[in-house]
Each structure stands twice: as C-alpha cells, then as structure tokens.
Amino acid sequence: MIVSRRRKSALTLIEVLIATLIFWIWILTIISVISKNISFIDQIKLKTTASFLAKDSLELLYAHRNTNFLRSAPWNCVAINSSYDCIDYFSANENYRISISLTWSYQISPTTTNFDDNRLYFSTGSTKALNWTPLIDHFLYSYDKTGEITYFSRYLQFQSLYQAPTNSNADTNKVLKVNSVVKYQKWALTWEVVLESIIWNIK
Amino acid sequence: MKKLFTLIELLIAVVIVAILGILVFRIYIQISYLSIKVENEKNLSNELLFLTQNIQNITQWYKLNFDAYSWTLADKFWLSPVLYLSGNDSSNVSIYSTGSCSSAISSIKTGTCWIQMKKDNQIIDITDPAKTYVTKLYFKILPYDTNKSYGLTFNQIYSESFTLFLSLYVKRYDPLFRPFDVNIDFQNTFTLGI
C-alpha cells in the first residue's frame, strides 16, 4: 500500500509576529484618531464655558469699580472695612479673584496663580428650599468649596500700562491692564483662556 | 503539485475580514456621530453668542426696573426668572423663558422652551425654539434693596448689574444617541451704566 505523505507548510514565527504587529498598528491608529476627535469635541465645550467665565469675571470687576464710585471709595479699592475705609488697592503684578456667591453679593480677594487656589465649584441643591419648578440643582460657579468640583480655575491678573515720568510721584496704577485668566483641567491636561481688558478711573 | 487553500483556511480568512469590516464600519458610524456633535456644539455656541450680544446691547440703554420685582426676592437669593428693565423714555423691557418649559430630559425631545424679549408690546424671540431648549433661566439681580433704603452692606455690589444663569440644550437631543447630548451651563454677569 502506498501512503501519500504530503508535507504541510505552516506559518513561521516571524510571519505570525509581523501579521500581529501590522494588525495592532492598524487598531491603535484607529483608536488614536477617535480619541483625538473625542477630546477635540470636549475642548469646544470647555473652551466656550471658559471664555464666558472669563468675561463674567471682567464684568464683575467693572461692577466692583462702579460700586467703589457709588460708595465714594477710591476707584481701585479692593476692600473696605465696615467703616468704609479702603484697606487694600489693586496694583500691578498682583492677582485677584472675584465671584458672586449665593448669599453674599460678591467676594474679591488677592490670590496666587495656583490652579487649586482659584478652582471654581458649582453650587448644588442650595435652592431646593425655595420650592421652585424646575428646581435649580446645578448653577452658580463660585469659589465656595461646598459645591461640586468643576474643571475650571479663574483669576484676574493686573499689569501696569501707565509709565510715569522719571522723578514723578504720579500714580502708575492709574490705568491697569487686566487679564482674565480661566484655566481648565481634564485628563491631567491643562489649557487656558485669557481675555485682555483695561480698567481705569472713569470719573 | 500546486498547493491550494483548504476550506477551513478560507473560512478563517473570511471571518477575519468580516470582523475587521464590522470594526471599520462601527468606527465610521462613531466618526459620523462625532461630526454631528461638533456641528451641534457650534450651533449652541452661536446661539449663546447671539443671546449675550442682544442682552449686552439692551443693557447699554436700560436700567433695572426694581419696582417690577416682588419684595420677597431677597428671600430667594435675589434670583428671578424674569429680567425687568426700564428706559428713560418710560419704555419697558422684560426677558423670560416661554413654551413648555421643564427640566425633564424627556421634554427636551418633544417640547419647546425658548427665550423671549418683550419690549412694550413687541415680542421678539432671542433664542430659536427649533434649535435649542432652555432648561434653566434665572437672573440674579444686583443690588436688590427690599426697603429701597440703599442700606447695603460693604460687601455688596452697589452698581446695577445682573448675572444670567442659563442651561441650554441642543434641540436635536436624543437619549438613545449620546452624540446629540449637547448642552451648556452658562453664567455671565452684565454691568449697567452708572
């Protein structure tokens, strides 16, 4: 009896490895393209919110400056005591944070550029006692740490614009450049939006 | 003798190609959804920009109409669902949400809720009911002095301003298709002239 013994050719190890490598390169490329798209979409939303938060901060600063006029305080006064005496002034190369809160009208204070020092929180559930329909369960970005943590951090950065002549006692803080800085942090990455403006004594 | 593929080898190759085809198709669908979501995000940003621009324009010519507010506003953290403004020429403006407004996600799909401005007897839509759905609209009125005595404390804003709190959803929201879940929680302060 004749037995046909045909040798079966198998794949070599190197062929299998190359095929596996090509397959994973293809899969990883597709995944990276999708993840880039997802982060791009998330960026649009975060950047829109950050831009409006930066504008909100500047508007609050103008309201603060106007408030100083109305209560006869110096225009660049940061804080007054209960006797309405100014105890701090805006000055160049310093940072401040400003926000309204639910119960107090607003708060303004010196700060650092550190992300966590200026992190914004979302008020949660504070208005349920009002029995409104619909209930406001998430609103008001503020520095109140009892709220829900957000991706955003916000502060105002002051710079001097006015150059006083040499040997002059002129106030170099007459006109100040203000940068409203909003940083946002997600997936261990940090981005920022900066709105530039100026503030001066309008009276 | 010429070596041929066996049936089992051919079947395995067909299965692998089919799996890869399905993967590619799913990725294509996801990318299509993402492009729709980008479009929705863009529309939402445009609506917000249009809304804030309109309100900004109005605040240049009007003052807060404190007389139109209930005296109990202080008990509600100075938050009102309606913004009342009045001009030097005795004209009045109010901004409010209208339609079948609800914060329930289901109503975003079926109902409409948009922002209107009423100037004397004219009514103007300032958000498009076909494009967006408003789930939250509140104005924090500053300063609101209940006794009209202007006895505000030193930590309160004296100049007229208000903060707008708004939650806006894209009208094409559909809970079954996550890419359409496009919304924004918006907060912006507007300062009126002194």
Side-chain angles (χ1 to χ4, degrees), chain A residues 6 8-9 23 26-27 30-31 33-34 37-38 40-41 44-45 47-49 51-53 55-71 73 79-84 100-108 122 126-127 130 132-141 202, chain B residues 1 3 6 16 20 23-24 27 30-31 34-35 37-38 40-42 44-45 48-49 52 56 75-79 81 101-104 135-136 138 140 142-144 150 152-161 163-167 179 182-194:
Chain A
R6 196 173 61 189
K8 275 192 174 179
S9 75
F23 177 75
W26 182 76
I27 291 286
I30 298 290
I31 289 170
V33 166
I34 293 174
N37 271 285
I38 290 168
F40 169 68
I41 287 168
I44 299 174
K45 189 174 181 174
K47 198 167 188 175
T48 304
T49 306
S51 304
F52 282 113
L53 283 172
K55 187 173 175 292
D56 181 61
S57 189
L58 282 175
E59 288 287 338
L60 279 171
L61 179 68
Y62 301 143
H64 170 80
R65 188 261 320 264
N66 296 351
T67 294
N68 278 340
F69 288 129
L70 292 172
R71 62 187 171 200
I80 55 174
N81 60 20
S82 52
S83 308
Y84 289 74
I100 53 166
S101 60
L102 194 61
T103 49
W104 293 50
S105 289
Y106 77 121
Q107 293 165 330
I108 183 162
F122 232 174
S126 310
T127 55
L130 302 174
W132 278 345
T133 307
L135 291 172
I136 308 179
D137 53 358
H138 277 78
F139 86 118
L140 185 64
Y141 289 94
I202 55 170
Chain B
M1 186 186 165
K3 183 179 168 267
T6 63
I16 290 171
L20 290 177
L23 273 174
V24 169
I27 289 161
Q30 279 187 351
I31 290 172
L34 290 175
S35 65
K37 190 168 178 176
V38 168
N40 282 342
E41 292 278 5
K42 208 171 71 184
L44 192 67
S45 297
L48 266 183
L49 203 63
T52 50
Q56 190 83 56
D75 301 330
K76 295 180 175 177
F77 308 112
W78 299 274
L79 286 163
C101 301
S102 163
S103 59
T135 54
K136 177 176 74 193
Y138 285 101
K140 187 174 173 75
L142 298 167
Y144 190 76
Y150 301 100
L152 297 161
T153 57
F154 65 93
N155 52 16
Q156 291 181 308
I157 285 179
Y158 280 42
S159 71
E160 285 186 29
S161 23
T163 302
L164 164 68
F165 299 106
L166 173 70
S167 211
V182 174
N183 72 307
I184 194 161
D185 281 303
F186 172 78
Q187 169 180 330
N188 202 12
T189 301
F190 297 87
T191 312
L192 288 86
I194 55 169

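Quick note on labels: first sequence line is chain A, next is B, and so on, each numbered from 1.
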What part of [X] gets within 4.5 angstrom of chain A, counting heavy atoms only: side chain, backbone, both, or neither?
{"X": "B:Ile157", "result": "both"}
{"X": "B:Leu23", "result": "side chain"}
{"X": "B:Ser167", "result": "neither"}

Q) How far apart are the closest heavy atoms of A:Ile80 and A:Ala73, and which atoms are they? A)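 Closest approach of A:Ile80 to A:Ala73: CG2-CB, 4.4 Å.
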
Q | B:Phe190: ring pair (Phe, Tyr, Trp, His ring centres under 6.0 Å) partners, not counting sequence neighbours | A |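 Here the qualifying residues are B:Phe162.
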
Q: Could you pull out all residues at least two apart from B:Ser45 that satisfy side chain to side chain contact (heavy atoms under 4.5 Å, CB included)?
A: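 In terms of side chain to side chain contact (heavy atoms under 4.5 Å, CB included), with neighbours along the sequence ignored, B:Ser45 is linked to A:Thr48.
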
Q.
Before we go on, tell me: are the rings of B:Phe165 and B:Phe186 under 6.0 Å apart, centre to centre?
A.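 They do not qualify: ring centres at least 6.0 Å apart.
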
Q: Can you tell which part of A:Asn81 gets under 4.5 Å to a heavy atom of chain B, answering side chain, backbone, both or neither?
A: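 Contact with chain B is through the backbone of A:Asn81 alone.
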
